[in-house]
Amino acid sequence: MSGQKFALVTGAARGIGLATTKQLLSDGFRVAMIDRDEEALLAAAAPLQNTLPILCDVSVPDEVDRMAARLRTEFGQLDALVNNAGVAEFGPIDETDFAKWRRVMETNLDGVFLVSQAASGLLKTAKGAIVNIASISGLRASTLRVAYGTSKAAVIHLTQQQAAEWGECGIRANCVCPGPVATKLAMAVHSQDIIDAYHDAIPLNRYGTEIEIANLIAFLCSEKASYITGQIIAADGGFESTGIGLPALRGSSSL
């Protein structure tokens with residue numbers, strides 16, 4: 001189809017990845033949906049048009065190579081890559097063994113590196129955009145997140161490396177750092193005390209939504225962001241801005 005744009009979204013079977021897929025579809029993209037959960041991937045893709053579901057574990061180089069080869073055959077170009085696939089394993093530093101550390105790094109960091117590298121040729125041809133999904137945990141340290149937070153901080157730096165090196169090829173690379181988002185998983189595991197504490201710490205006093213994050217990602221993939229690259233954008237309701245200071249004092253203008 002003349003003028004057709006093509007996107008690749010990893011971790012597309014649920015959550016922010018699925019919301020981003022739907023937003024890109026509404027913006028006129030054809031979307032390759034990548035996930036390692038075959039059942040969830042096929043169920044998510046079934047009601048959608050203009051999608052290409054591909055089973056792939058982004059942490060496995062051979063699987064990424066096969067996925068990229070299929071993209072070259074099916075798409076022939078790539079206008080946008082959204083590196084969203086990630087895992088979250090939390091725990092104290094002393095209880096984080098190397099196996100857990102590597103599980104997090106393999107998907108959250110290695111996967112971004114592998115997929116970006118495999119897709120770079122197609123992206124260079126189209127002068128496309130990369131959007132890497134990190135986390136507020138990559139911008140500010142927090143308890144129980146030694147592996148997760150470190151992996152996301154590394155994704156932030158990797159994004160800037162991509163922007164610096166691939167900019168001369170016409171590729172833009174930016175990073176979105178979501179704060180607390182009201183996904184089904186988060187709402188299932190966050191107690192009311194945790195929800196209340198987050199609301200108190202976030203200036204907008206609420207969790208974000210998947211579509212709010214997807215809207216930002218889609219904007220960065222679009223021509224409207226044609227001069228934006230190397231940027232780290234926190235979509236967090238102002239959570240990062242409250243890193244210093246007590247939330248209980250924030251509402252008092254006299255203190």
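This chain uses plain numbering: 1 for the first residue, then up along the sequence.
Side-chain polar atoms of Ser191 and Asp193 form no donor-acceptor pair below 3.5 angstrom.
Relative to the six-membered ring of Phe239, Arg140 meets both conditions, a distance below 6.0 Å and an angle of at most 45° to the axis.
When side chains are defined from C-beta on, Gln23 does not count as touching Thr20, because their heavy atoms never get closer than 4.5 Å. At a threshold of 4.5 Å between non-hydrogen side-chain atoms, the residues Val58 and Met67 do not count as touching. By the 4.5 Å heavy-atom criterion applied to side chains, Phe75 and Leu52 are counted as neighbours. Residues Ser116 and Asn83 form a side-chain contact, since some pair of their non-hydrogen atoms from C-beta on lies under 4.5 Å apart. When side chains are defined from C-beta on, Ile156 counts as touching Cys177, because their heavy atoms get closer than 4.5 Å. Within the 4.5 Å cutoff, the side chain of Glu240 has heavy atoms near those of the Ile136 side chain. Within the 4.5 Å cutoff, the side chain of Val31 has no heavy atoms near those of the Asn50 side chain. Taking 4.5 Å as the limit, every side-chain heavy atom of Asp27 sits out of range of all side-chain heavy atoms of Lys5.
Summarising the geometry, atom OG1 belonging to Thr21 is positioned 12.0 Å from atom CD1 belonging to Ile16; distances are rounded to the nearest 0.5 Å. Of the inter-residue distances, the one linking Gln77 atom CD with Lys127 atom NZ reads 13.0 Å to the nearest 0.5 angstrom.
Counting only distance, with no hydrogens or angles, the side chain of Asn84 and the backbone of Ile133 share no donor-acceptor pair below 3.5 Å. The closest donor-acceptor contact from the side chain of Gln231 to the backbone of Thr229 lies under 3.5 Å. When atom types are taken as modelled, the side chain of Asn205 and the backbone of His199 share a donor-acceptor pair closer than 3.5 angstrom.
Following chains of ILVMFWY side-chain contacts shorter than 4.5 Å, one cannot reach Leu109 starting from Val176, and the two form parts of different hydrophobic clusters. In this structure, Leu41 is not a member of the same hydrophobic cluster as Ile34, with clusters built from ILVMFWY side-chain heavy atoms closer than 4.5 Å. A single hydrophobic cluster is not seen to contain both Val104 and Val112; linkage of ILVMFWY side chains at heavy-atom distances under 4.5 Å, directly or through other members, places them apart. Cluster annotation: Ile213 and Val82 are assigned to the same hydrophobic cluster (Ile/Leu/Val/Met/Phe/Trp/Tyr, side-chain heavy-atom contacts under 4.5 Å, transitive). At a threshold of 4.5 Å between side-chain heavy atoms, the hydrophobic network of Ile, Leu, Val, Met, Phe, Trp and Tyr places Val9 and Leu158 in two separate groups.
Counting heavy atoms of neighbouring residues, nucleotides and ligands inside a 6.0 Å radius, atom CZ of Arg145 exceeds 12 of them. The environment of Glu165 atom CD is sparse: at most 12 non-hydrogen atoms of other residues, nucleotides or ligands sit within 6.0 angstrom.
Of the charged side-chain nitrogens involved, at least one lies within less than 4.0 Å of a carboxylate oxygen, so that Asp37 and Arg14 count as a salt-bridged pair. Between Asp110 and Arg102 there is a salt bridge, since at least one side-chain N of the basic residue sits less than 4.0 Å from a carboxylate O of the acidic one. A salt bridge links Glu212 and Arg206; the closest N-O separation between the charged side-chain nitrogens and carboxylate oxygens is under 4.0 Å.
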(message) Does Phe29 form a ring pair (Phe, Tyr, Trp, His ring centres under 6.0 Å) with Phe6? I'd like the steps, not just the answer.
(response) CA-CA 5 Å; Phe29 283 82; Phe6 300 89; 8.7 Å; no
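The aromatic rings of His190 and Tyr207 are tilted relative to each other, their planes meeting at an angle between 30° and 60°.
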